[in-house]
Amino acid sequence: MSKPSIPKGTRDFGPLEVGKRNFIFDTIRSVFVKYGYQPIETPTMESLSTLTGKYGEEGDKLLFKVLNNGDFLKKADHDALEQKNSVRLIPSIAKRGLRYDLTVPFARFVVMNQNSITFPFKRYQIQPVWRADRPQKGRYQEFYQCDVDVVGSNSLMYEAELVQIYDEAFAKLGIDVTIKINNRKVLFGMAEAAGIADQFMDMTMAIDKLDKIGEDGVKNEMLKRDIPESAIEKILGMMKLSSLDDLETSFQDSETGLKGIEELRTFHKYFDLKESTNTVKFDITLARGLNYYTGCIVEVAANNVQIGSVGGGGRYDDLTGVFGLKGVSGVGVSFGADRIYDVMEELDIFPEEATQGLSLLFIAFDDAAHNYAFDCLNKSRAAGIASELYPAPVKLNKQMKYANARNVPYVALVGSQEMEQNVVALKNMETGDQILVSMEELIKKMS
RNA sequence: GUGAUUGUAGCUCAGUUGGUUAGAGCAUCGGUUUGUGGUACCGAGGGUCGCGGGUUCAAAUCCCGUCUUUCACCCCA
């Protein structure tokens, strides 16, 4: 028999890991709820047609396809099969795929439930997604996203609200982050001011890499993408402008660019009313890959840790349009739970409570005491204390070792002496202190 | 998808130019210790050396394929 294994890019989570991960989920969820968002869940599998074409050509390659059941080859596209054309063959043998993110399924959900939804609709969703990417640091084939979106309103109040959620959630988790914000319209204004509006996408992809490849790298990247040198100089010049006022003068001929600046100002009008814990800064080089964004875009990077972004999002004016519902604007952000996990692990900032499940372990010395201890166990459980009884009155040494392994803060020892006095010996496992208490006293002390 | 890289006990890793029966620490189990854990000492179990094929008298070691790990690119959380 060969040794068992799990597919690449996937991981098992033991009790400790799940405890920590739940701490992240619970923390983030509590913020979502406080801001008035409601939970939804969508199926693991979507129709492949719902997913394809939404993430660009690269994204389509990273979709996990689910092979049709039954005699799927009989119904396969035989021409494509003969020509070994995988791309053409896929639709005929796979009608379903695993969800790639939570935003597109959400858009589908909104369209399908448009009559029962009250707009603006504020939802959050915490579920795993799958990507057939090559695994790397902080990149898995299966990972959790925590999305918050609001659809059906153009108000920039929501941009401000979502950035507040980022700020508050990361503060609660204890992660020091920088929240970068930009606007796609500002980027478009740059392209327009440089006279290369038609090469907008090429430009954004190049400047998005500034952090990694530096200014010269960005220049080369743009040259490679056939952007004229005169335009490149203008773009590089504008990239150095850090204030909205300066940009405004450059954008005199770009209506879209001016609109972008106005949007950012409106955002600040709301956001600046409240003090934030983390740094929020305008970053003109922030571009973000997903091309459905149309307005404000935002990305979160953890300070002091070398890892990709731990969250991102933005405004998308017409996401539901591809599913037939026009004129519904949405804005949303996503938390990358698995990267947040990695960051917290690296910084070692998970609180003790995140990993502690059991509060009390009963230990019996003999059979009679074991039965008595079970009665005590029932009482402590009835009082809501997470407690357990070692299954047999075996040697103390062994039972105590189990207590250590479970990292339990208290044990209650029970033998003939305790039974006679109708008490238990409650031992603090950290200090080693031990006191005789009745069950009533124990419950009072522990809850 | 491109280019590298990794795999030996449950875990972390040794293992010489190919050469007897593949080792250590930690963990596990038992004992020193039948009313008290983390320490100490003694002992035991546990490996088709990722998998498949090849070269060789002989392969953990060399070659090929495959899966997996990590990393860069692409893209992205």
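No side-chain donor-acceptor contact under 3.5 Å links A:Asp77 and A:Ser92. Side-chain polar atoms of A:Arg134 and A:Gln141 form no donor-acceptor pair below 3.5 angstrom. Side-chain N/O atoms of A:Ser47 and A:Arg96 include no donor and acceptor closer than 3.5 Å.
Within residues 16-27 of chain A, no residue places a heavy atom under 4.0 Å from RNA chain B.
The interatomic distance linking A:Lys180 (NZ) with B:A77 (C1') rounds to 13 Å, in whole Å. Rounded to a whole Å, the CG atom of A:Asp12 is 12 Å from the P atom of B:C11. Rounded to an integer number of Å, the gap from A:Asp60 CG to B:C75 P is 15 Å. The separation between A:Arg339 atom CZ and B:C75 atom P is 15 Å, rounded to whole Å. Summarising the geometry, the separation between CD1 on A:Ile126 and P on B:A77 is reported as 17 Å, rounded to the nearest angstrom. The CD atom of A:Gln141 sits 14 Å away from the C1' atom of B:C75 (whole-angstrom rounding). Taking atom CD of residue A:Glu57 and atom P of nucleotide B:C76, one finds them 13 Å apart after rounding to whole Å.
Between A:Tyr100 and A:Phe64, the gap from one ring centroid to the other reaches at least 6.0 Å. Between A:Phe374 and A:Phe362, the distance from one ring center to the other does not fall under 6.0 angstrom. Between A:Tyr341 and A:Phe350, a ring centre-to-centre spacing shorter than 6.0 Å is recorded. Remark: aromatic rings of A:Tyr37 and A:Tyr124 are distant, center separation not under 6.0 Å.
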- Tell me, with the steps shown, if A:Thr42 and A:Gln125 meet side chain to side chain donor-acceptor pair (under 3.5 Å). CA-CA 9 Å; A:Thr42 61; A:Gln125 191 171 352; 3.0 Å; yes
- Query: Should A:Asp433 and A:Lys427 be marked as a salt bridge (charged side-chain N to carboxylate O under 4.0 Å, His left out) after you check the CA-CA gap, both sets of side-chain angles, and the distance that decides it?
  - Reply: CA-CA 6 Å; A:Asp433 296 342; A:Lys427 186 182 179 76; over 6 Å; no
- For the pair A:Asp283 and A:Asn182, evaluate side chain to side chain donor-acceptor pair (under 3.5 Å) and give the outcome as yes or no after the intermediate values. CA-CA 6 Å; A:Asp283 183 348; A:Asn182 194 8; over 6 Å; no
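Nucleotides B:C13 and B:C71 have their P atoms positioned 14 Å apart, rounded to a whole Å. Only the C1' atoms considered, B:C29 is 11 Å distant from B:G46, to the nearest whole Å. Using P as the reference atom, B:A4 and B:C76 are 25 Å apart when rounded to the nearest Å. Between B:A22 and B:U34, the two C1' atoms lie 41 Å apart (nearest whole Å). To the nearest whole angstrom, the two P atoms, one in B:G3 and one in B:C64, are 15 Å apart. Rounded to whole Å, the C1' atom of B:A9 lies 11 Å from the corresponding atom of B:A27. Atom C1' of B:C73 sits at a distance of 44 Å from the matching atom of B:G19, rounded to the whole Å. When the P atom is compared between B:G50 and B:C57, the two are found 24 Å apart, to the nearest whole Å.
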- Query: Could you run down nucleotides 68-74 of chain B 5' to 3' and tag each one B, S or - for protein heavy-atom contact under 4.0 Å?
  - Reply: SS-SBBB
- Contact letters for nucleotides 31-37 of chain B, in which S counts primed atoms plus P, OP1 and OP2 and B counts the base, heavy atoms under 4.0 Å: S-B-BBB
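Classified by interplanar angle (parallel below 30°, tilted 30° to 60°, perpendicular above 60°), the ring pair A:Phe200/A:Phe188 is perpendicular.
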Review item, side-chain donor-acceptor pairs of residues 409-425 of chain A, under 3.5 Å, at least two apart:
| unit_1 | atom_1 | unit_2 | atom_2 | d |
| --- | --- | --- | --- | --- |
| A:Glu418 | OE1 | A:Gly415 | N | 2.8 |
| A:Asn422 | OD1 | A:Tyr372 | OH | 3.3 |

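In this pair, A:Phe335 does not lay its aromatic ring on the base of B:A77; centres under 5.5 Å and planes under 30 degrees do not both hold.
Other residues, nucleotides and ligands place more than 12 heavy atoms under 6.0 Å from the CZ atom of A:Phe13.
Nucleic acid contact for A:Ser309: sugar-phosphate only, since backbone atoms but no base atoms lie under 4.0 Å from a heavy atom of the residue. Using a 4.0 Å heavy-atom cutoff across all strands shown, A:Val310 reaches sugar-phosphate atoms only and no base atom.
The salt bridge (charged side-chain N to carboxylate O under 4.0 Å, His left out) check on A:Arg11 picks up A:Asp338, with sequence neighbours excluded.
Ion pairing between A:Glu58 and A:Lys61 holds under the 4.0 Å rule for side-chain N and carboxylate O.
Stem analysis of RNA chain B (at least three stacked-register Watson-Crick or G-U pairs, each with both distances under 3.5 Å) gives B:1-4 with B:70-73, B:10-13 with B:23-26, B:28-32 with B:40-44, B:50-54 with B:62-66.
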